[in-house]
Amino acid sequence: MLNTFDLILFGGTGDLSTRKLLPALFRQETVSSIDPESNIICVGTKDLSQADYIEIAKASLIKHFPAFEENKESWSRFKNRISYKRLDIKSDEDWRAFNSTDNERVTVFYLAIPPNLYEDISKKLKDHNLITPNSRIVVEKPIGTDKNSAAEINKHLSSGFKENQIYRIDHYLGKEAVQNLLALRFANTIFEQSWSSSAIDHIQISVAEDLGVEGRGGYYDKTGALRDMVQNHLLQILCLIAMEPPVSISSESVRDEKLKVLKSLAFFNEDTIKSDSVRARYSQGLSKGEAACSYIDEDGVDTENKTETFVALKVLINNWRWSGVPFYLRTGKRMESKTSEITVRYKRIPHNIFSKKNEAKTNQLVLRIHPDEGIDLKLNTKEPGVAGFNLEELPLDLNLDDYYESGHQDCYERLLLDVIKGNPALFVRKDEVEASWKWIDNIIDLWKKEDTPIEEYNSGSWGPADSDLLLKRDFRSWKNGSGK
Ligand code: BG6
């Protein structure tokens with residue numbers, strides 16, 4: 001059972017709360033892990049009665065929690081712990097209504113609202129003495145749009161909360177397959193010895209989405225794929241893949257090691273920005289078999305902006321372990337399929353004892369995040385029943401769904417539980433956010449300065465030709481979907 005908590009959910013009627021957070025909390029209710037005394041206080045600007053809000057919550061669970069109808073008993077408990085509070089952030093009178101601050105109780109302030117409101121909320125929480133040593137604040141990405149704005153947000157958060165009370169969510173760190181990277185690397189001896197430039201040729205981190213901007217054109221056009229995905233999700237994955245073994249699984253040890261990776265990333269210069277970065281946006285094409293419009297025809301998109309919906313980068317890490325090993329990062333919207341994978345490509349065998357025609361393929365370790373979670377190690381084997389040595393590449397394939405029931409926790413649920421339990425290991429520390437923005441700012445500045453062209457790629461493809469060239473030039477190729 002979780003410790004008793006009060007969760008104060010700012011943005012209680014918004015998309016994140018209704019689509020992700022309420023279903024995540026409700027699942028905990030169905031497994032009876034929420035203490036009867038715990039409360040969920042949903043805060044919004046709309047003038048709603050308690051009954052109106054309960055109807056909103058119920059509708060969202062019917063839509064987003066498949067087994068809702070079979071959990072009527074849990075619903076009657078859950079609805080009794082939910083309350084709704086209307087709040088005008090500027091109004092001190094409204095804030096005074098939050099009068100119950102119990103020092104003993106864990107109080108989680110979850111800001112599921114735009115970051116431009118973080119400053120006002122953290123100030124009001126402080127001014128109205130609502131912060132206790134047992135309080136925690138949860139903030140969503142984006143933390144700023146560059147290093148300076150991120151530092152500004154961090155400063156406001158720190159004025160009321162200590163760093164260990166601030167939980168900056170990157171929902172990729174809540175994904176089971178991403179957390180499994182720590183287990184794979186640090187609970188198995190077989191990988192660590194070869195986890196470096198001595199055995200690895202290069203690593204690919206590819207997060208492809210099949211959807212377009214889905215009505216978020218206005219937000220997305222000011223953001224782009226580099227800020228929306230690379231600054232957070234892809235760099236966090238890169239850190240877990242590249243970091244040194246932490247002293248322990250404690251939050252500070254893990255985050256210290258991730259920070260070292262971010263500080264070792266090679267900056268781009270006028271030459272490498274041209275050769276080692278690709279930015280592009282989708283044009284017309286097919287999405288799941290249906291005709292799809294181009295990015296510039298999406299609502300809210302300004303045709304003058306050169307906003308990228310796709311980025312590919314060749315990234316180098318300047319440290320002892322990874323010197324000379326490129327990390328190719330790629331992410332894009334409206335690509336052929338939603339597939340997130342990490343591919344570790346090992347070096348060639350030093351000497352081929354088999355016939356020239358029959359050379360061994362380089363080994364690859366594929367860590368699958370989406371659509372299924374698993375680990376696939378491709379090995380060369382001898383084709384049986386054939387005279388001589390015909391080598392054949394076969395997979396040692398571990399699919400986690402074969403071993404665990406599906407329907408286990410989703411990433412928001414896992415991260416919410418960590419907040420309530422007070423475990424910040426899988427949240428992003430202030431210095432990590434600022435170090436990652438510093439590296440991203442360098443790319444954005446150079447793209448602007450060099451007026452880097454924006455390529456186009458057909459909706460439903462694996463990205464622009466230049467993205468393939470980025471690897472082809474190095475005699476390498478992307479692993480696309482389940483292909484080789
Ligand atoms: C979000 C981005 O952080 O991650 C979205 O803002 C993106 O643009 C989403 O679609 C992808 O998350 P997932 O878990 O669906 O891969």
Side-chain angles (χ1 to χ4, degrees), residues 11 14-17 19-21 23-24 64 110-116 138-145 150 167-181 205-240 279-282 287-288 292 295 298-301 305 307-311 329-342 367-374 400 408-416 426-428 432-433 436-437 440 459-460 463 481:
D15 181 62
L16 179 66
S17 302
R19 200 165 45 88
K20 291 282 181 193
L21 304 176
H64 301 293
Y110 197 123
L111 309 196
I113 47 171
N116 59 345
V138 185
V139 289
E140 280 284 333
K141 69 167 264 275
I143 309 283
T145 51
Y167 289 71
R168 296 176 192 82
I169 286 211
D170 181 316
H171 77 276
Y172 267 59
L173 291 178
K175 290 185 189 266
E176 200 69 78
V178 174
Q179 298 187 359
N180 222 345
L181 295 174
I205 301 175
S206 175
V207 178
E209 296 185 80
D210 52 356
L211 295 178
V213 290
E214 306 305 299
R216 290 199 308 156
Y219 156 78
Y220 195 87
D221 206 41
K222 294 190 203 74
T223 309
L226 186 71
R227 288 190 177 100
D228 187 47
M229 296 292 288
V230 181
Q231 184 271 334
N232 34 78
H233 308 322
L234 275 84
L235 282 186
Q236 285 294 323
I237 295 176
L238 172 87
C239 285
L240 296 179
R279 60 184 195 134
R281 63 187 174 200
Y282 55 82
S287 172
K288 297 184 185 161
Y295 174 69
E298 299 275 11
D299 284 346
V301 169
N305 285 350
T307 303
E308 75 290 346
T309 61
F310 175 99
V311 192
L329 270 48
R330 169 177 78 169
T331 184
K333 293 211 180 276
R334 265 297 167 64
M335 293 177 65
E336 190 180 301
S337 65
K338 183 163 171 66
T339 315
S340 305
E341 299 187 319
I342 301 152
L367 311 165
R368 294 192 301 269
I369 302 172
H370 196 90
D372 59 329
E373 296 173 352
L400 291 178
H408 47 74
Q409 296 166 355
D410 111 309
C411 46
Y412 273 96
E413 185 176 349
R414 219 166 285 129
L415 293 172
L416 259 173
L426 292 164
F427 295 80
V428 187
E432 286 179 79
V433 175
S436 58
W437 272 122
I440 293 288
S459 285

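As the structure is a prediction and not an experimental result, all values here were calculated from the model. Below, all heavy atoms of this structure are taken into account, side chains as well, without hydrogens, waters or symmetry copies. First listed ligand is number 1; within each ligand, the first listed atom is number 1.
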Subject >> Between Glu308 and Tyr295, a side-chain donor and acceptor under 3.5 Å >> reply: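 On atom types as modelled, these side chains do not qualify, holding no pair under 3.5 Å.
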
Original post:
Any N/O of Tyr220 closer than 3.5 Å to an N/O of ligand 1?
Top reply: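 Tyr220 vs ligand 1: no N/O contact under 3.5 Å.
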
Original post:
Any N or O of Tyr219 that comes nearer than 3.5 Å to an N or O of ligand 1?
Top reply: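 No, since none of the N or O atoms of Tyr219 sits under 3.5 Å from an N or O of ligand 1.
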
Taking 4.0 angstrom as the limit, do [X] and [Y] come out as a salt bridge?
X	Y	result
Lys333	Glu209	yes
Glu336	Lys288	no
Glu432	Arg168	no

**OP:** Could you find the nearest protein heavy atom to atom 14 (O) of ligand 1 and give me its residue, atom name and distance?
**Re:**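 Answer for atom 14 (O) of ligand 1: Lys175 NZ, 2.7 Å.
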
Original post:
Which heavy atom of the protein is the closest neighbour of atom 12 (O) of ligand 1, given with residue, atom name and distance?
Top reply: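 Protein heavy atom at minimum distance: His171 NE2, 3.1 Å.
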
Subject >> Under-4.0 Å heavy-atom contact with ligand 1, by part of Lys141 that carries it >> reply: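 It is the side chain that gets close, since no backbone atom is under 4.0 Å.
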
Original post:
Applying a 4.0 Å heavy-atom criterion (strictly less than), which segment of Tyr172 is in contact with ligand 1: side chain, backbone, both, or neither?
Top reply: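 It is the side chain that gets close, since no backbone atom is under 4.0 Å.
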
Original post:
Has Arg216 got any heavy atom lying under 4.0 angstrom from an atom of ligand 1?
Top reply: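 In this structure, Arg216 qualifies as a contact of ligand 1 - some heavy atom is under 4.0 Å.
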
Original post:
Counting heavy atoms only, which of Glu209, Lys338, Glu140 is nearest atom 15 (O) of ligand 1?
Top reply: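 Nearest option to atom 15 (O) of ligand 1, by heavy atoms: Lys338.
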
Original post:
What distance separates Thr145 OG1 from Gln231 CD, expressed to the nearest 0.5 Å?
Top reply: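 The OG1 atom of Thr145 sits 10.0 Å away from the CD atom of Gln231.
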
Original post:
Can you tell me how far the CG atom of Asp299 sits from the CZ atom of Arg216, to the nearest 0.5 Å?
Top reply: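 Rounded to the nearest 0.5 Å, the CG-CZ separation comes to 14.5 Å.
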
Subject >> Atoms in ligand 1 with a heavy atom of Lys333 nearer than 4.0 Å >> reply: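 Selected atoms, number and element: 5 (C), 7 (C), 8 (O), 10 (O).
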
Original post:
For ligand 1, which atoms, with element, lie under 4.0 Å from some heavy atom of Asp228?
Top reply: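 Answer, ordered by atom number: 2 (C), 5 (C), 6 (O), 8 (O).
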
Original post:
Ser340 side chain to Val207 main-chain N or O, any donor-acceptor pair under 3.5 Å?
Top reply: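 Here the side-chain-to-backbone pair does not exist.
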
